[in-house]
Every structure is written in structure tokens, then in C-alpha cells.
Amino acid sequence: MNLQNIINEIEKVDPEVYNKMDGRRAAMKNFTNFGSKIALAALPLAIGSMFNKAYASPTGTKDAIIDVLNFALSLECLESEFYKAAYAAAVAGTLAIPTGAPMMAIKTIRDHEVAHVNFLQTAITASGGTPKIYTAVNFDFTAKGTFPTVFSDYGLFLAVAQTFEDTGVRAYKGQAGNLMSNKTVLTAALNIHSVEARHASHIRQMRKVNGSLVPAGIDVKPWITLNQSGIATSAVQASYNGEEATTQATINIVGINGFTAVNANIASEAFDEPLTKEQVITIVTPFFA
Amino acid sequence: MPTQNSHDKVLLAAAEGNIKNLSRRNFLGYIGGASALLLTAAACKKSDTPSSSTGVDLGSKDTGILNYAYALEQIEAAFYTKVFESPYAGITADESARLGDIRDHEISHREFFKNALGAGAIISLQLDFSTINFGTRDGVLSVAKAFEDLGVSAYNGAGHLLASADYLLLAGKIVSVEARHAAYIRDLITPGSFADGLDANALEMSRTPNEVLAIAGTYIKTKINASNLPTS
């Protein structure tokens with residue numbers, strides 16, 4: 001970071017320093033091509049470096065992107081602390097996550113979320129922003145008493161986990177458009193977005209096996225059918241409202257081009273829907289202490 | 001190799017198609033689409049090299065990226081359709097139901113792109129699945145896994161090449177469903193492998209269009225010209 005620090009210091013005196021070093025487009029292009037050659041551990045730093053180069057001016061765009069990254073970081077903190085607490089409860093014997101595959105899967109997902117927290121934190125710092133970190137004390141996973149047994153009832157734990165993953169997918173999707181001015185950050189966000197979707201798919205399969213809190217007549221699938229949560233409580237419904245969409249960009253997907261197998265269920269499953277930042281904040285606020 | 005004249009006719013037809021579909025496809029950002037088309041035409045006239053005019057041209061700018069996605073969805077939809085012509089030995093009811101869902105999702109994606117692109121859509125590609133063993137579970141699922149992972153990496157790698165925020169959102173709506181598929185198929189093969197193959201930061205590893213097409217090429221008979229796709 002010495003070089004970056006030096007450049008940052010120069011920037012305080014001469015905001016045009018990056019434009020003088022190389023053009024914004026060249027910086028982005030070079031970085032995009034260069035990405036695969038950078039050591040993975042160095043990637044967040046490299047993003048920050050490129051970021052500063054490209055967005056030394058105007059600062060408004062840079063701040064907007066850091067805001068999105070901090071929003072993403074808050075959600076990753078929520079998830080990572082959630083899985084850390086659940087895994088610890090399972091080890092302590094107070095949450096009955098079955099040993100073997102289920103325990104391994106929760107550990108895997110926990111580790112991914114922790115890695116996402118670290119990635120975003122480093123990227124924000126290296127970009128000249130201040131990461132807003134939330135720790136265990138900042139959360140109330142009972143959602144103010146709505147889910148009092150979330151860390152003692154395995155079925156409820158899985159239900160909340162599914163809701164977090166599906167919400168996370170929708171949250172990243174909703175922010176993609178706000179990252180278009182920075183190709184590297186956009187690609188990184190997309191590469192997290194699809195991992196959250198993989199988690200959602202797996203947690204849903206775990207819920208199907210477990211069967212707890214699954215409403216009668218509902219087959220929990222790896223994907224979202226209509227606006228069904230597949231969870232026997234209305235408390236999580238806001239995370240699924242809007243997923244029932246069957247029209248995409250004015251094109252009706254149901255029965256498209258004569259394919260009668262494409263009914264409303266299929267049409268809604270085939271496209272996941274975004275949530276706005278405001279919608280996501282409303283959903284997750286009860287989980288913040 | 002089409003003659004310059006026929007190339008112009010195709011472009012003209014594409015332009016006319018766009019105008020016809022304008023009212024129901026205002027989401028396409030018609031002005032952007034039209035200027036992309038004009039640029040394509042200009043580019044064709046300027047660089048009349050054989051290499052840039054052989055094969056099915058995916059096109060340039062956002063149209064090119066949408067055609068790229070359309071090509072990948074054609075492969076996936078055709079693959080799962082063929083899986084169901086003669087399901088593999090020992091397929092369970094649950095596997096049949098979920099793989100059937102996936103087939104229909106991929107058909108939804110393919111037909112969506114076809115309609116969204118209108119006259120700008122590439123043709124239906126000739127595919128070659130002769131290397132796939134459709135008779136066994138391993139044969140089908142290993143290829144399904146490869147296609148789903150490839151699709152996810154392709155959408156993730158193409159997002160930054162799109163100029164339209166509407167298209168980026170649409171790609172985002174589709175890629176997370178592909179990732180759900182990928183995780184499910186992976187778990188069918190090896191339980192718990194839903195997100196194997198990430199980088200050290202637990203990020204997906206995206207691929208460029210050239211990387212994707214080099215892999216997908218095994219299954220495509222029709223020659224594809226991706227040389228006009230945006231690269232940055």
C-alpha cells in the first residue's frame with residue numbers, strides 16, 4: 001500500500017493526478033484485462049488502486065460506489081455473524097444441525113460469508129472509503145422476538161437462513177445498475193451475487209430434507225416459485241413479494257412462443273427479481289439490535 | 001461467406017425489424033440499439049476481412065452480448081430437451097421433476113432472448129451433442145454441471161460489457177437462476193459441492209466471451225463469429 005498511500009497523498013494536493021498518470025478508460029481497461037493475473041489476495045487492493053485512478057474525479061461517483069459496497073458489507077456481516085452464531089450453537093450442542101453433510105454445508109457457507117466480509121472491507125478501505133463493520137453485538141437474530149428459537153430450532157434456523165440468502169441475491173441484483181461506472185467492482189459484485197444464489201439453492205435443498213416449517217402441499221425447490229417463501233410464517237413474506245413476475249421487459253413469459261410447459265410457476269422461477277436498497281433495509285432492520 | 005450485398009440486406013432487415021417492434025420493445029433503448037446497428041453496418045463496410053464476416057455474427061455492443069447469451073441458452077435448452085427424449089437409467093421422480101423445471105427455465109430464457117432480439121436475433125444454432133452419454137446419470141449430470149457453471153461464469157463475465165442498465169438487470173435476473181441450477185446439479189453429483197470452484201475470496205470465477213465460446217464450441221456445429229463483441 002505504500003505506493004497507493006503516496007498517490008493518495010498526492011491526490012490531496014493535486015486531484016488530477018490520476019488523469020495525469022493515465023486516462024480513466026485506459027485505467028479500467030487495463031485493470032479488466034489484468035484482473036486474472038493478479039494474485040487473489042491482492043485483488044481488493046488492486047481494485048482500490050484502480051478505483052482511485054478511475055474515480056479521482058468526480059468524487060460523487062466514487063462515493064456512490066462506496067455506499068453500495070458498504071450496503072453489501074452490512075448484508076455480508078449480517079450473514080456471516082448469523083452463520084458463525086449458528087455453527088457455534090451447533091458445536092455447543094444447543095442447535096441440532098445434523099453432523100455430516102448439513103454441518104459441513106453450514107461451515108462452508110459461513111466461511112464464504114466471512115470471506116465476502118473481508119473482501120468488501122479491504123476493497124472499501126483500499127478505495128479510500130471507510131468500511132462500516134457490524135459485529136455480533138450489532139445483531140438480534142430473533143428479530144425482536146419474532147424468531148425466539150432461531151439458534152435452538154434447526155428448522156427455524158434453516159428458514160431464516162433461506163430468507164437471508166434469497167434476500168441477499170435480490171439485494172445484489174438491485175444494486176448492479178449502480179455499479180456500472182466501475183467495471184471491476186461490478187464484476188466482483190456479480191461474482192458474489194451468484195455465490196449467494198448457490199447458497200440459497202443449497203439451503204432450500206436442506207429445508208426440503210428437513211421438512212420443518214414447510215407449509216402443507218409445498219415442495220421446496222432450489223428456486224423461487226411465484227412469491228412463495230415455502231416457509232410457514234408470514235414474517236418473511238416481504239423477501240418474496242414481487243418474485244411472482246411473469247413478464248420480463250414487456251415480454252410475457254407464460255406460454256412464450258407456444259411452449260405450453262412454461263406456465264406461471266416456471267415463468268416466475270426462471271427469473272429472480274431485484275429488491276431496492278430501501279426494501280432490503282426494511283426487511284433486515286428487525287435483525288439489527 | 002456471405003457477400004457484402006447480402007450482409008447489407010441482413011442489416012437492413014434487422015433495422016426494419018427493430019422499427020416494427022419499436023412500440024413493444026421500448027425497453028431495448030431503441031436509440032442505443034439503432035446506433036449500435038448503424039455502427040455495425042459501418043464497421044462491416046470498413047473492415048471487409050474474411051475473418052470478420054464468416055460464421056454467424058453475434059453482432060456488436062449490447063445486441064452482441066444478448067446474442068451471446070441467446071446462443072448459450074440455446075445450448076442449455078436443447079441439452080435438457082434431449083435429456084427428456086430418453087431419460088437416463090434410474091432417474092428418480094424428484095430428479096425428473098427438477099430437471100424438467102430446469103429444461104423449462106432454459107426454454108424460457110432462450111425464447112425470451114429470441115423475442116427480445118427480434119430481427120436482430122441470430123439463427124437457431126446447429127448443435128452437436130454426440131460426445132454426451134445421455135443414457136447414464138453420470139453422463140447427463142456431468143455435462144449439466146459444466147453447462148450451468150459455464151453459464152454462470154459467462155453472465156458474470158459479460159455484465160460489465162453491457163451498456164444498458166435494463167439489460168444488466170435482466171442478465172442478473174437470469175444468472176442467479178443459473179447459479180441455483182448449478183448448485184442443485186452439483187449437489188446431485190456430490191452432496192455439498194454446491195459452490196466448489198470459487199476463488200480464495202469466495203467469489204465466482206467469471207469468464208470472458210472468448211473463454212466461454214472456446215469451451216462451448218465443442219457442442220456447436222454452426223460457426224460463430226464473436227469478433228464484434230465488446231471487449232471492455
Please rank R98(B), R103(B), K114(B) by heavy-atom pairs under 4.5 Å with chain A and give me the top one.
R98(B)
With a 4.5 angstrom heavy-atom cut-off, could you sort out which part of A158(B) is near chain A: side chain, backbone, both or neither?
neither
How close do L203(B) and A188(A) get, heavy atom to heavy atom, and via which atoms?
CD2-O, 3.8 Å
Quick check: are there more than 12 heavy atoms from other residues, nucleotides or ligands sitting under 6.0 Å from NZ of K221(A)?
yes
Will you find, in the side chains of K173(A) and S176(B), an N or O donor that is under 3.5 Å from an N or O acceptor?
yes
For the residue pair S206(B) and N191(A), what are the closest heavy atoms and their distance?
OG-ND2, 3.2 Å
Measure the CD-CZ distance between E111(B) and F259(A) for me, rounded to the nearest 0.5 Å.
4.5 Å
With a 4.5 Å cut-off on side-chain heavy atoms, are I253(A) and F112(B) touching?
yes
For the residue pair F194(B) and H202(A), categorise the inter-ring angle as parallel (less than 30°), tilted (30 to 60°) or perpendicular (more than 60°).
parallel
Donor on one side chain, acceptor on other, N115(B) and N257(A), under 3.5 Å
yes
Run the salt-bridge test on D149(B) and R198(A) with the 4.0 Å N-O cut-off and return the result as yes or no.
yes
Is it the backbone or the side chain of R207(B) that comes under 4.5 Å from a heavy atom of chain A, or both, or neither?
neither
Less than 4.5 Å to any heavy atom of chain B: does that hold for the side chain of H112(A), its backbone, both, or neither?
both
Student check: side-chain heavy atoms of L190(A) and Y155(B) closer than 4.5 Å:
no
Rounded to the nearest 0.5 angstrom, the OG1-CG distance for T108(A) and D196(B) is 7.5 Å
Which one, I102(B), D187(B), V175(B), V152(B), leads in non-hydrogen pairs under 4.5 Å with chain A?
D187(B)
L198(B) side chain near V195(A) side chain, heavy-atom distance below 4.5 Å
yes
Which pair of heavy atoms, one from K183(A) and one from H160(B), lies closest together, and at what distance?
NZ-O, 2.7 Å
Rounded to the nearest 0.5 Å, what's the gap from CD1 on I256(A) to CD1 on I107(B)? Could you check?
11.0 Å
If I measure from the heavy atoms of chain B, does V169(A) come under 4.5 Å with its side chain, its backbone, both, or neither?
side chain
Just give me the residue among E178(B), R186(B), H181(B) that pairs up with chain A most often, heavy atom to heavy atom, under 4.5 Å.
H181(B)
Taking the side chain as every heavy atom from C-beta outward, state whether P274(A) and L169(B) have any atom pair closer than 4.5 Å.
yes
Choice from L161(B), I174(B), L162(B) maximising heavy atom contacts with chain A below 4.5 Å
I174(B)
Determine which residues belonging to residues 67-81 of chain B lie within contact range of chain A, meaning some heavy atom pair is under 4.5 Å apart, and list them by number or answer 'none'.
none
What one should report as the nearest heavy-atom pair of N156(B) and S194(A) is ND2-OG, 3.0 Å
Could you look at F271(A) and say if it's the side chain, the backbone, both or neither that has a heavy atom under 4.5 Å from chain B?
both
Between CG on residue N118(A) and CG on residue N201(B), distance to nearest 0.5 Å:
8.5 Å
Got a salt bridge between E269(A) and R180(B), using NZ or NE/NH1/NH2 to carboxylate O under 4.0 Å?
no
Atom CE of M104(A): over 12 foreign heavy atoms under 6.0 Å
no
Nearest 0.5 Å, please: how far is CG in L168(B) from CG in L179(A)?
9.0 Å
Distance, nearest 0.5 Å, that separates CD of E196(A) from CD of E204(B):
11.0 Å
Comparing T208(B), D94(B), D104(B) against chain A, the one with the most heavy-atom pairs below 4.5 Å turns out to be D104(B)
What part of R204(A) gets closer than 4.5 Å to chain B, counting heavy atoms only: side chain, backbone, both or neither?
side chain
Structural part of D219(A) lying under 4.5 Å from a heavy atom of chain B:
side chain
Quick one: side chain to side chain donor-acceptor pair (under 3.5 Å) partners of Y172(A), sequence neighbours excluded?
E76(A)
Side chain, backbone, both or neither of A101(A) within contact of chain B (heavy atoms, under 4.5 Å)
neither
Given the options G177(A), A261(A), A270(A), P222(A), which has more heavy-atom pairs under 4.5 Å with chain B than any of the others?
A270(A)
